[in-house]
Amino acid sequence: MKLMRSIGTLSCIWLVMAISAIAQSSNDSLPAVLDTTGQALERGVEYYIKPAITDNGGRFTLINRNDSCPLYVGLENVSGLDGFPVTFTPFVEEETVIRENRDTKVVFSAETTCVQSTAWKLDERDPETERRLIVTGEIVVDEENQSWRRAGNYFKLRKADVGDNIYNIEWCPTEVCPFCRFICGTAGGLIENGKRLLALDGSVLPVVFERA
Ligand SMILES: *[C@@H]1O[C@H](CO)[C@@H](O)[C@H](O)[C@H]1NC(C)=O
Ligand SMILES: *[C@@H]1O[C@H](CO)[C@@H](O)[C@H](O)[C@H]1NC(C)=O
Ligand SMILES: *[C@@H]1O[C@H](CO)[C@@H](O)[C@H](O)[C@H]1NC(C)=O
Ligand SMILES: *[C@@H]1O[C@H](CO)[C@@H](O)[C@H](O)[C@H]1NC(C)=O
């Protein structure tokens, strides 16, 4: 009887150790997202985002879709020096490096005349194209127990299948809300009236990150 109990206690300790080992390593084992020079992307540092293939437009920028606020996330028409850099803020507060497949906020470093923040936000599904655009604005949540509502402000960077330091931008904020069931999506270009907008649910636009 006594032996049985101590085995039970022992295996319980083992289980706890195994779980904490998984929890610990799960953060560090995910590779850092790398910029065009192979350096890890860091929290709060400015980067330009641009298509891995230059035919697909220029740097990421704010698009005035329809002479009104809010501004949308999109691309310059041609590659060049225009566009606005972004900063990344990982959902996990103590994390200083941007890692693959982890939730991060993305904010343009830009002054605009719109009242909205320049944080990226998932928009409603566009009735015409059935695609979800990326707009700007901050989701403000007063009650801490409603933090899952902020999910619309969090994106993930996933390594593309081909090429070095090339990534896809996804919306699937499972760290912000582990119990939510999202209709996840990958971002690509959507041309509307000659303007290059960023949208989920269609073509995929692989991108690279260039330190500003
Ligand atoms: C790993 O992430 C969890 C929450 O996601 C956090 O509580 C923990 O401190 C992190 N550990 C390390 C080593 O960063
Ligand atoms: C732009 O605004 C006009 C007038 O409000 C509206 O009729 C039109 O559908 C809008 N276009 C887009 C692409 O949102
Ligand atoms: C791209 O070209 C279209 C059509 O000429 C124009 O409306 C739009 O503002 C341009 N985009 C940028 C980011 O300058
Ligand atoms: C969230 O917290 C507020 C106050 O802290 C409380 O009044 C409310 O009932 C809570 N809601 C849920 C769904 O737990």
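One-based numbering, in listed order, for ligands and for the atoms of each.
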Asker: Is there a protein heavy atom at a distance of less than 4.0 Å from atom 7 (O) of ligand 3?
Answerer: yes
Asker: Flag the pair Asp103 and Lys156 as a salt bridge only when some basic side-chain nitrogen lies within less than 4.0 angstrom of an acidic carboxylate oxygen.
Answerer: yes
Asker: Given the side-chain rings of Trp148 and Phe179, with only the six-membered ring counted for Trp, is the space between their centroids under 6.0 Å?
Answerer: no
Asker: Below 3.5 Å, N or O to N or O, backbone or side chain included: is there any such pair between Thr61 and ligand 3?
Answerer: no
Asker: Where is the nearest protein heavy atom to atom 3 (C) of ligand 3: which residue, which atom, and how far?
Answerer: Gly194 O, 3.4 Å
Asker: Regarding Asp201 and Arg132, does a basic nitrogen lie under 4.0 Å from an acidic carboxylate oxygen?
Answerer: yes
Asker: Of the listed options (Glu76, Glu192, Lys195), which comes nearest to atom 13 (C) of ligand 3 when hydrogens are ignored and any heavy atom counts?
Answerer: Glu76
Asker: Identify the closest protein heavy atom to atom 10 (C) of ligand 3: which residue and atom is it, and at what distance?
Answerer: Asn77 ND2, 2.5 Å
Asker: Can you check whether Glu94's main-chain N or O pairs, donor with acceptor, with Arg43's side chain at less than 3.5 Å?
Answerer: no
Asker: Go through it in stages, so that I can follow the logic: the residues are Val86 and Phe209, the test is side-chain contact (heavy atoms from CB on, under 4.5 Å), and I'd like the CA-CA distance, side-chain angles, deciding distance and then a yes or no.
Answerer: CA-CA 10 Å; Val86 300; Phe209 304 98; 5.8 Å; no
